[in-house]
**Student:** 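Okay, here's the structure, questions in a sec.
What's counted below: heavy atoms across the whole structure, side chains too, no hydrogens, waters or symmetry copies.
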There are 2 protein chains.
Amino acid sequence: MIDVNQETCCNVVHQEAIESVEQLELSVVEQLSESFKALADPTRIRILYNLSRRELCVCDLAEILGMTQSAVSHQLRYLKALRIVKFRREGNTMYYTCDDAHIIGLLQMALDHVTHAQGRDE
Amino acid sequence: MIDVNQETCCNVVHQEAIESVEQLELSVVEQLSESFKALADPTRIRILYNLSRRELCVCDLAEILGMTQSAVSHQLRYLKALRIVKFRREGNTMYYTCDDAHIIGLLQMALDHVTHAQGRDE
DNA sequence: CTCCTATATGAACAATTACTCATATACTCA
DNA sequence: TGAGTATATGAGTAATTGTTCATATAGGAG
């Protein structure tokens, strides 16, 4: 069965191959990329790593990361919007934590790979 | 012990808190973000998902994704540079696969979370 | 109330990104 | 050789992103 309507590219589309993989729903793909985007930036990785180990205030994070309070605060806002970090107020000070098992799991899994698979094939 | 030299932010840096978390090496953080960046784009997620299930040519991918051959080829170059996808030539046709256990593991873990934890607290 | 401090936020900007378009490359077949 | 095809790639572009700077908000101490 030679197939139809592919303006996309070439003529040698393997129809059977195309149909053999069940596609992900686009909303699922969006959710996936949302999670990975949160972890795709070095600053956010370091923030999440620290907040997964200990409750810290904005100021502590700025000191640890060697970044401005504003830069840290912007990233926290991003993570807050995704509900990845939680926070509580104590006077003027905001304390943040990360207990998102999903995100921490992804981070830990990637970390295990990087720190373990050293000196093997890659 | 009140601490020293923090021009970063406020004066209420919790020295004990800062020192309690062992920091990641920056090179490790870079490697982590490299992996997550690869998965942070919907197009790449769909490409990797398909290539983890089956060997496909550029043309098939373009058809599946409803994108131009060029766009797909650019993303494949990106993934190739990170050694996340492999390929073989058969005449004019390039067949790509993804057997990177690390990346597939991350993708699968995130996918499990999205498709499982539906209707619970998030 | 006023001043001080910790954090949040809007605007601006440079860097990066994902795509399009045109073209180059590399292979097949005659 | 030369035409045809599948893929790769460089330049250009619009959109996004991570930061800085200046300022706003909100609570505490007096």
**Student:** Whole angstrom is fine here: how far is it from CZ in B:F87 over to P in C:dA26?
**Tutor:** 13 Å

**Student:** Go through D:dC21, C:dA18, D:dT9 for me and flag the one nearest to the A:H74 side chain.
**Tutor:** D:dC21

**Student:** Please report the closest heavy-atom contact between A:S33 and B:P42, naming both atoms and the distance.
**Tutor:**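 Heavy atoms of A:S33 and B:P42 come nearest at OG-CG, 3.8 Å.
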
**Student:** What is the distance, rounded to the nearest whole Å, between atom CG of B:L61 and atom P of C:dC19?
**Tutor:**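 From B:L61 CG to C:dC19 P: 13 Å.
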
**Student:** Do you know which two heavy atoms are closest between B:Y96 and B:L51, and how far apart they sit?
**Tutor:** O-CD2, 3.3 Å

**Student:** If you only use heavy atoms from C-beta on, which nucleotide in C:dT20, D:dA8, C:dT9 is closest to the side chain of B:K80?
**Tutor:** D:dA8

**Student:** Quick one: does any side-chain atom of B:S20 pair with a main-chain N or O of B:A17 as donor and acceptor, under 3.5 Å?
**Tutor:**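 At least one qualifying donor-acceptor pair exists.
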
**Student:** Return the minimal non-hydrogen interatomic distance between B:V58 and B:L76, and the atom names on each side.
**Tutor:**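 Looks like CG2-CD1, 3.8 Å.
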
**Student:** Establish whether the base of D:dA8 is bridged to the side chain of B:Q69 by a donor-acceptor pair shorter than 3.5 Å.
**Tutor:** yes

**Student:** Within the structure provided, determine whether A:V85 and A:L48 are in side-chain contact (heavy-atom separation under 4.5 Å).
**Tutor:**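 Yes. Closest side-chain heavy atoms under 4.5 Å.
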
**Student:** Calculate the interatomic distance between A:L39 atom CG and D:dG18 atom P; express it in whole Å.
**Tutor:** 12 Å

**Student:** B:C59 has a side chain; which of D:dG18, D:dT7, D:dT20 sits nearest to it?
**Tutor:**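 Per side-chain heavy atoms of B:C59, the pick is D:dT7.
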
**Student:** Identify which nucleotide among C:dG10, D:dT9, C:dT7 has an atom closest to any side-chain atom of A:R77, counting heavy atoms from C-beta outward.
**Tutor:** C:dG10

**Student:** Report yes if at least one side-chain N or O of B:T68 is closer than 4.0 Å to OP1 or OP2 of C:dT20; otherwise report no.
**Tutor:**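 For C:dT20, OP1 or OP2 has a side-chain N or O of B:T68 closer than 4.0 Å.
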
**Student:** What is the distance from CE of A:M67 to P of D:dC21, rounded to the nearest Å?
**Tutor:** 12 Å

**Student:** Mind calculating the distance between CG (A:L79) and P (D:dG18) to the nearest angstrom?
**Tutor:**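 Value for this atom pair: 10 Å.
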
**Student:** Does any donor-acceptor pair link the side chain of B:T93 with the base of D:dT7 at a separation under 3.5 Å?
**Tutor:** no

**Student:** Do A:Y78 and A:I104 belong together in a cluster built from hydrophobic side chains that touch within less than 4.5 Å?
**Tutor:** no

**Student:** Could you list all N or O pairs between the protein and nucleotides 28-30 of chain C that sit under 3.5 Å apart?
**Tutor:**
none

**Student:** With the side chain of A:A71 defined as its heavy atoms from C-beta on, choose the nearest nucleotide among D:dA6, D:dT20, C:dC19.
**Tutor:**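 Of all the options, the side chain of A:A71 is nearest to D:dT20.
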
**Student:** What is the distance, rounded to the nearest whole Å, between atom OH of A:Y78 and atom C1' of C:dG10?
**Tutor:**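 To the nearest whole Å, that distance equals 19 Å.
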
**Student:** Do A:L79 and A:I103 have side chains that get closer than 4.5 Å, going by heavy atoms?
**Tutor:** no

**Student:** In whole angstrom, give the distance that lies between atom CD of B:E34 and atom P of C:dT16.
**Tutor:**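 Distance check: B:E34 CD to C:dT16 P gives 15 Å.
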
**Student:** Does a side-chain heavy-atom distance below 4.5 Å link B:M67 with B:Q75?
**Tutor:** no

**Student:** Within the 4.0 Å heavy-atom criterion, would you say A:Y96 contacts the bases, only the backbone, or no part of the nucleic acid?
**Tutor:**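 A:Y96: backbone/sugar contact only, no base atoms under 4.0 Å.
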
**Student:** How many Å lie between CE on A:M94 and C1' on D:dT25, as a whole number?
**Tutor:** 12 Å

**Student:** Tell me whether the rings of B:H14 and A:Y95 are parallel (<30°), tilted (30 to 60°) or perpendicular (>60°).
**Tutor:** tilted

**Student:** Taking the nucleotide of DNA chain D with the closest heavy atom to each, which residue, A:A40 or B:L76, is nearer the 5' end?
**Tutor:** B:L76

**Student:** If you check every side-chain atom of B:R89, which of C:dA26, D:dG18, D:dG10 has the closest atom?
**Tutor:** C:dA26

**Student:** Does any part of the side chain of B:Q69, heavy atoms only, come nearer than 4.5 Å to the side chain of B:V72, both counted from C-beta?
**Tutor:**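 Counting from C-beta outward, B:V72 and B:Q69 never come under 4.5 Å.
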
**Student:** Is there a side-chain contact between A:K37 and the phosphate of D:dT16, meaning an N or O under 4.0 Å from OP1 or OP2?
**Tutor:**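 Answer is no, no contact under 4.0 Å.
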
**Student:** Within the structure, does a side-chain N or O atom of A:Q75 lie under 4.0 Å from either OP1 or OP2 of D:dT19?
**Tutor:**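 For D:dT19, OP1 or OP2 has a side-chain N or O of A:Q75 closer than 4.0 Å.
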
**Student:** In residues 42-53 of chain B, which residues come under 4.0 Å of DNA chain C by heavy atom?
**Tutor:** B:T43, B:R44

**Student:** With heavy-atom distances below 4.5 Å as the criterion, would you say the side chains of A:L39 and A:L106 are in contact?
**Tutor:**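 A side-chain contact under 4.5 Å exists here.
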
